[in-house]
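Below: one structure, written as structure tokens.
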Protein chains: 2
Amino acid sequence: MTVENLVVDIDSLDGPLGHRVYSVLRNGILDLTFHPGMILRKGALCEQLGVSRSPVAEALGKLSSEGLVDIIPQSATRVSQLSLSELREESFLREAVEVAAVAKVAADRNDDQLTRLSRNLRLQALLAEDRDYQGFFEADVDFHSLIMEFTGYPKVAAAAGQLSLQLRRARILLLPKEGRPEETVQEHQAILDAIRAQDQQAARAAMSAHLGQLITRLTPLEQQHPTYFRPS
Amino acid sequence: MTVENLVVDIDSLDGPLGHRVYSVLRNGILDLTFHPGMILRKGALCEQLGVSRSPVAEALGKLSSEGLVDIIPQSATRVSQLSLSELREESFLREAVEVAAVAKVAADRNDDQLTRLSRNLRLQALLAEDRDYQGFFEADVDFHSLIMEFTGYPKVAAAAGQLSLQLRRARILLLPKEGRPEETVQEHQAILDAIRAQDQQAARAAMSAHLGQLITRLTPLEQQHPTYFRPS
DNA sequence: CTCCTTCAACTGGCATGTTAGTTGACAGGT
DNA sequence: ACCTGTCAACTAACATGCCAGTTGAAGGAG
């Protein structure tokens with residue numbers, strides 16, 4: 001395992017050094033370049049990133065408070081492992097926030113918002129047809145972000161993302177065999193229809209049903225990637 | 001302004017020094033000992049707490065990522081100010097989570113949980129009668145914490161607290177003139193009744209109505225404490 | 001009197017030396 | 001062969017020195 005590729009990134013960003021290190025590590029953890037359970041050696045990170053221990057320590061501290069790394073006092077720092085119970089909690093929280101968001105958007109939506117959602121949905125259909133799973137994944141994320149953005153509460157999307165960091169890592173694991181983009185598009189379509197009809201109840205129900213799919217598909221992962229999960 | 005009183009606290013806690021400093025500062029900010037907008041001088045904090053700059057910097061970094069302090073690079077660190085728009089966002093998020101929680105609890109509740117909620121509610125009635133606003137405030141917080149605890153998701157209560165840190169500070173401002181504990185008790189009673197009846201819709205509605213009260217009572221604060229609010 | 005320039009003092013950010021605690025392996029005894 | 005006590009190497013945590021950017025006040029020009 002090497003992180004030589006990250007050395008390039010480090011000075012292509014701006015802002016305080018500590019924050020750049022934080023971003024690099026965070027991205028690496030979220031896209032599983034640093035896999036769950038991996039031990040992070042401060043000394044090695046300093047050397048490979050070409051910075052001193054202060055910004056690295058600061059970055060690891062923030063990641064720890066986000067739950068992305070576990071710091072064992074005086075001993076070691078490791079990328080936090082996944083756990084089904086934690087994924088279920090995050091799923092619950094994410095559903096709570098997104099259901100509330102879609103209800104508000106259904107009540108307040110304007111034509112421009114409908115247009116942007118509709119455009120994103122057509123893009124999803126195209127990507128699904130082309131079997132471009134990576135692109136589809138991003139369009140999917142965008143769809144949900146758009147809805148939260150349309151609440152008029154700028155921090156809501158960020159908060160929802162913060163609440164479901166583990167979920168985001170777990171989703172990467174089932175990316176290759178996505179396999180059900182068509183169903184996803186239909187579920188998204190149902191959500192958009194409810195928003196267009198300004199039917200709050202239907203919007204809640206559609207979003208809830210859609211998000212409920214994820215946790216069932218996540219359950220088998222614990223067997224498929226046992227080393228990525230916290231021993232229970 | 002002095003923080004001499006905190007010097008006693010610092011070694012009465014345990015764990016890493018950085019985390020102790022973090023706790024002390026966090027508590028001070030949340031109970032408005034450090035009022036919104038106040039400038040925090042790293043050097044002064046180090047001297048008064050009797051520690052070096054490393055743990056203080058670490059603590060301020062975490063507080064910054066929580067939004068409790070604003071760090072102006074190369075210049076100053078200040079306790080973050082309140083803003084009505086931010087309070088509205090947090091109110092929205094808090095309502096989303098607590099409404100989802102109460103619906104789940106209404107579905108799953110057992111007798112022991114009903115007993116504990118009922119006991120807390122009787123305590124609230126007593127404290128309201130005695131005009132013990134401080135005690136009532138704590139019982140109120142406990143009531144909501146109990147519901148979130150009963151979801152079976154241990155992190156939900158913590159997440160909800162994390163999402164509404166500004167809200168928590170703002171509530172302190174209207175503590176002295178609480179004035180409506182009786183209405184609050186009745187709203188709590190309605191929530192408990194819905195939980196007992198396992199009526200999810202009623203539970204959602206009761207919780208939503210209850211939490212909706214807060215933001216209207218918060219609105220006048222911007223005039224009453226202009227220095228605590230971000231200039232808009 | 002007002003505005004601009006300059007400079008000194010202060011701040012946060014970073015690097016690095018030092019300390020204390022944990023861990024795992026090795027050696028010695030059972 | 002196995003258990004146990006000891007020790008060496010490693011880690012995170014802390015202290016401190018240094019630097020660069022910001023700010024605000026003082027002084028000079030208009």
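Lettering of chains follows the sequences in order, A, B, ..., and the numbering in each one begins at 1.
Here B:D70 pairs with B:R230 in a salt bridge; the nearest charged N to carboxylate O distance falls below 4.0 Å. A salt bridge links A:E98 with A:R94; the closest basic N to acidic carboxylate O contact falls under 4.0 Å.
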Would you tabulate the pairs of protein nitrogen or oxygen atoms and nucleotide nitrogen or oxygen atoms of nucleotides 19-22 of chain C closer than 3.5 angstrom?
none

Please tabulate, one pair per line, each protein N/O and nucleotide N/O from nucleotides 15-18 of chain C that are separated by under 3.5 Å, including the distance.
from: C:dA15; atom 1: OP2; to: A:S52; atom 2: N; distance (Å): 3.0
from: C:dA15; atom 1: OP2; to: A:S52; atom 2: OG; distance (Å): 2.5
from: C:dA15; atom 1: O5'; to: A:S52; atom 2: OG; distance (Å): 3.0
from: C:dA15; atom 1: N7; to: A:S54; atom 2: OG; distance (Å): 2.6
from: C:dG17; atom 1: N7; to: A:R53; atom 2: NH2; distance (Å): 3.3
from: C:dG17; atom 1: O6; to: A:R53; atom 2: NH2; distance (Å): 2.3

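Rounding to whole angstrom units, CZ of residue A:R78 and P of D:dA12 are separated by 12 Å. When the P atom of C:dG13 is taken as reference, atom OH of A:Y22 falls 16 Å away, rounded to whole Å. Note: CD (B:E58) to P (C:dG13) measures 14 Å, nearest angstrom. Going from atom CG of A:L40 over to atom C1' of D:dC10 covers 16 Å, rounded to whole Å. Taking atom CG of residue B:L49 and atom P of nucleotide D:dC14, one finds them 13 Å apart after rounding to whole Å. C:dT11 atom C1' lies 16 Å from atom CG of B:D70, rounded to whole Å.
Across B:V51, B:V56, B:T77, a single residue satisfies side-chain contact (heavy atoms from CB on, under 4.5 Å) together with B:L45, and that is B:V56.
Taking the six-membered ring where the residue is Trp, A:H225 and A:Y228 present parallel rings, their angle staying beneath 30° rather than reaching 60°. Ring pair B:Y153/A:F92 is tilted by interplanar angle, where 30° to 60° counts as tilted. Note: B:H210 and B:H188 have perpendicular aromatic rings, judged against thresholds of 30 and 60 degrees for the angle between ring planes.
To the nearest 0.5 Å, the span separating CG on B:D31 from OG1 on B:T33 amounts to 3.5 Å.
You'll find the side chain of B:L68 reaches within 4.5 Å of the side chain of B:R26, heavy atoms only.
Comparing D:dA12, C:dC14, D:dT11 against the side chain of A:R41 picks out D:dT11 as the nearest.
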